[in-house]
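Scroll down for the structure; my scribbles are underneath it.
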Amino acid sequence: MNLFDFNLTLPITDPTWVFFLVLIIILFAPMILGRLHIPHIIGMILAGVLIGEHGFHVLDRDSSFELFGKVGLYYIMFLAGLEMDMEDFKKNRTKSVVFGWLTFLIPMALGIWSSMSMLGYGFLTAVLLASMYASHTLIAYPIISRYGLSRLRSVNITIGGTAVTVTLALIILAVIGGMFKGTVDGWFWVFLVAKVAFLGFLIVFFFPRIGRWFFRKYDDSVMQFVFVLAMVFLGGGLMEFVGMEGILGAFLAGLVLNRLIPHVSPLMNRLEFVGNALFIPYFLIGVGMIIDVRSLFTGDEALKVAIVMTVVATFSKWLAAWITQKIYRMQSNERSMIFGLSNAQAAATLAAVLIGHEIIMENGERLLNDDVLNGTVVMILFTCVISSLVTERSARRFALDENVQAEEEAKQINKEQILIPVANPETIEDLVNLALVIKDAKQKNALVALNVINDNNSSEKKEQQGKRNLEKAAMIAAAADVPVTMVSRYDLNIASGIIHTIKEYEATDVVIGLHRKANIVDSFFGHLAESLLKGTHREVMIAKFLMPVNTLRRINIAVPPKAEYESGFSKWVEHFCRMGSILGCRVHFFANERTLMRLQQLVKKRHAGTPTEFSILEEWEDLLLLTGQVNYDHLLVVVSARRGSISYDTSFERLPAQLGKYFSNNSLIIIYPDQFGEPQEIVSFSDPRGHNESQHYEKVGKWFYKWLKKN
């Protein structure tokens, strides 16, 4: 027997070679089409056309394409819900609903008219055909993810509108399908509404609670990834169980898990990576394999149907985007983005045409004949091509505008460098995750992990443990696609090593874990934190987390009087507003009336997108007043001050005892604001008695800054 005997027969059915060819397409399509400035999504679809049974028939559209294709379709809808900026969506929900109805009603009206007058179809066929125009699939959404534009207003409006129009289109599909089963009566509508409402409540109410419980209980990355996928398919399966399309369940799962999976988290990076690398390309190739280009040349009627369907679907979606732009006075590029995302027909369209093709009417004809079936797949090809090209061009424009703005902002923003001492293996993950959610996303190489080895008490075992701690910190951050500088150094003591590293690496912030009391006479913060605060004027966060950062539901911040006059005031406000925005949780400030006024001004000016609340806290001396406001799944942030600073008060001496007594079962951060740098801008305002104190404290702040520079 010849060892090199190889018999190649088409189509290829061996699973090894099938998977190899798919991977080759996924690998080379972006390379080849990137040189031609064509979105690689089109390459995936065209590759499917070429290798499918209507092309060179290299592969059959077997069960693997059906399985992975469905996973990819669910993944697209899931990521669309997961990456949506919920606060921005709430602000634009009216626009989303308006666009959703426009992108449903306009294609329905034009579709019914064109199908009956130009193609000569009956009313039911025209309605089902029009519902196919009304629905759309976010085929081009991976382009948005690649450019990092998922938080744009136009993107959120389109995603919200997608949920509206797909739901309405699928209801029409369910009704028409039910009519030919003889089940459409009053009870049909009652049961349909009841099942969908109950299932929606089930997903929205229980999924977040199950997810929060799981993330608190299990921190293994593989288990978390599998759990999220299970929730996505549970949502899709339940939606199919009640007679709707599973893509709605996947989209709802993404929405409700949105707050539990921060955009900068390792889990989010893993979800995007697996979807964009495997499942979504598999789906796109599978869509291409359905398309029969030769059907255009088999008869005049098939060509006519394909042209009418493609033109009506494309024009109606453009018209809906144009009217939305005019109503809300949006930019032309926002209209292009809305049109590009909403033009592609795939998921619900395929479901509708396949179901309609299987329905046999009383006269023996199919509800949707072969011409409509072939016209549909041709329409899918052209609308996906148009959608990808328009979205790519619009995304490039937005990205260029953002890059210009980022360069201008970078000139004004000081370099940020967050130092994370990693002594305790149990706190490393929480400290790194905290640093990830407070760091500026525009800053690169902004994290430094530090292991300090005591000269007087060093051993090979401790050195190895320190090395493992650094590697663990780097792996956690790398999973979120954030590089970490690892530093290991010898010094006389830990505090001295941290202080020297701050100076050498120009660290602007320090994040450390809260000291665990060794005995009854030990201090609350420990000698390390006390020495560190004396040795640096940089911002220091001392953190204790009793649950993962992503499962926190609210951030409560206790702010002392005169905190607004500290140099680092706006900096820590920005950090926690950024944290609240990423985690999707509300930031609640507690301070006296004068400080709250300054906080409100600053938040309104720079962090308007963060959900915030403001409450009066007159008695700073007794934090017992906050115990009713801070629940077990809240984060309490106490803004303290170094001795001798403007906002320092003698009541801070009692702070450790109060925190240990009242908040021992809460996640906690004690922050010491930055005392280094020019004093922050002071906004003048008068107190209720008419006294203006801003000028006085501005002078004090400048004097204190000069004193620090000298000493």
Side-chain angles (χ1 to χ4, degrees), residues 208-209 212-213 215-217 259 427 430-431 433-434 437-438 511-517 520 522-526 529 540-564 569 572-573 575-577 579-580 583-600 603 610-641 647-673:
R209 286 161 174 78
R212 189 171 281 110
W213 171 83
F215 289 138
R216 288 173 184 163
K217 191 83 172 175
R259 292 186 174 182
T427 62
D430 289 329
L431 295 181
N433 286 330
L434 173 61
V437 297
I438 66 171
V511 176
I512 64 174
L514 181 62
H515 161 76
R516 290 185 177 181
K517 294 182 67 172
I520 195 169
D522 199 0
S523 63
F524 182 80
F525 294 118
V540 177
M541 289 188 184
I542 304 173
K544 178 194 74 172
F545 286 99
L546 301 182
M547 61 183 63
V549 176
N550 62 308
T551 62
L552 297 170
R553 290 199 306 113
R554 184 180 286 258
I555 302 173
N556 298 290
I557 306 179
V559 188
K562 303 184 182 68
E564 64 271 29
F569 174 71
W572 69 255
V573 172
H575 279 163
F576 288 111
C577 285
M579 182 180 182
L583 298 180
C585 56
R586 191 168 296 276
V587 181
H588 196 161
F589 294 95
F590 296 87
N592 64 21
E593 186 175 357
R594 188 180 291 108
T595 303
L596 279 182
M597 289 176 63
R598 172 62 173 137
L599 283 166
Q600 289 172 325
V603 170
T610 303
T612 53
E613 286 184 24
F614 303 89
S615 298
I616 298 292
L617 179 66
E618 293 291 355
E619 299 295 331
W620 170 257
E621 292 81 1
D622 193 355
L623 291 180
L624 178 62
L625 299 172
L626 290 180
T627 54
Q629 300 286 341
V630 183
N631 294 334
Y632 74 98
D633 54 357
H634 291 183
L635 171 66
L636 174 63
V637 179
V638 178
V639 181
S640 188
S647 61
Y648 180 80
D649 189 87
T650 54
S651 60
F652 289 161
E653 302 296 333
R654 299 190 296 273
L655 186 60
Q658 293 182 352
L659 293 176
K661 182 178 180 181
Y662 301 139
F663 303 101
S664 59
N665 295 321
N666 294 100
S667 296
L668 180 68
I669 291 180
I670 302 97
I671 182 170
Y672 289 82

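When reading the values below, keep in mind they use all heavy atoms of this one structure, side chains included, and skip hydrogens, waters and symmetry mates.
Separating the CG atom in Leu552 from the CE atom in Met579 is a distance of 5.5 Å, to the nearest 0.5 Å. Rounded to the nearest 0.5 angstrom, Lys562 NZ and Tyr648 OH are separated by 14.0 Å. Atom CG in Leu636 sits 13.5 Å away from atom OH in Tyr662 (nearest 0.5 Å). Interatomic distance, CG of Leu659 versus NZ of Lys544, reported as 8.5 Å (0.5 Å rounding). The CG atom of Asn556 sits 9.0 Å away from atom OG of Ser615, with the distance rounded to the nearest 0.5 Å. Distance CG/Asn666 to CE/Met547: 8.5 Å, rounded to 0.5 Å.
Pairing each heavy atom of Ala558 with each of Leu617, the nearest pair is CB-CD2, 4.4 Å. Contact record, Pro673 with Ser640: CD-O, 3.2 Å, taken as the closest heavy-atom pair. Contact record, Ala543 with Ile669: CB-CG1, 3.9 Å, taken as the closest heavy-atom pair. Across every non-hydrogen atom of Ser647 and Phe652, the tightest pair is O-CE1, 3.6 Å. Taking each heavy atom of Ala591 and Leu599 in turn, the nearest pair found is CB-CD1, 4.4 Å.
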(request) Take Glu564 and Arg594, measure what side-chain contact (heavy atoms from CB on, under 4.5 Å) needs, and give me the verdict at the end. (result) CA-CA 9 Å; Glu564 64 271 29; Arg594 188 180 291 108; 4.0 Å; yes
(message) Please evaluate residues Trp572 and Val637 with respect to the criterion side-chain contact (heavy atoms from CB on, under 4.5 Å), reporting the C-alpha separation (whole Å), side-chain torsions for both, the decisive distance (0.1 Å), and the verdict.
(response) CA-CA 11 Å; Trp572 69 255; Val637 179; 6.0 Å; no
(request) Before giving the answer on side-chain contact (heavy atoms from CB on, under 4.5 Å), spell out for His575 and Ile671 the whole-Å C-alpha distance, their side-chain angles and the decisive distance to 0.1 Å. (result) CA-CA 11 Å; His575 279 163; Ile671 182 170; 5.6 Å; no
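At least one donor-acceptor pair under 3.5 Å links the side chain of Ser667 to the backbone N or O of Leu546.
Thr627 meets the side-chain hydrogen bond (donor to acceptor under 3.5 Å, both in side chains) test with no other residue; sequence neighbours excluded. With sequence neighbours excluded, the residues that form a side-chain contact (heavy atoms from CB on, under 4.5 Å) with Asn433 are Pro266, Glu429, Leu436, Ile476, Val549. Every ring-ring contact (aromatic ring centres under 6.0 Å, His included) that Phe215 has, sequence neighbours left out, goes to Phe227. Listed by chain and number, the residues in a side-chain contact (heavy atoms from CB on, under 4.5 Å) with Glu613 are Arg554, Arg586, His588 (sequence neighbours excluded). Considering only residues two or more places apart in sequence or on other chains, Asn592 meets the side-chain hydrogen bond (donor to acceptor under 3.5 Å, both in side chains) condition with Thr595. In this structure, Thr612 has no side-chain hydrogen bond (donor to acceptor under 3.5 Å, both in side chains) partners at least two apart in sequence or on a different chain. Qualifying ring-ring contact (aromatic ring centres under 6.0 Å, His included) partners for Phe545, counting only residues two or more places apart in sequence or in other chains: none. Asn631 is linked by a side-chain contact (heavy atoms from CB on, under 4.5 Å) to Arg553, Asp633, His634, counting only residues two or more places apart in sequence or in another chain. Residues passing the side-chain contact (heavy atoms from CB on, under 4.5 Å) test with Pro548, sequence neighbours excluded: Arg216, Asn550, Thr551. In this structure Phe589 satisfies the ring-ring contact (aromatic ring centres under 6.0 Å, His included) test together with Phe614, sequence neighbours excluded.
Within the 4.5 Å cutoff, the side chain of Cys577 has heavy atoms near those of the Val603 side chain.
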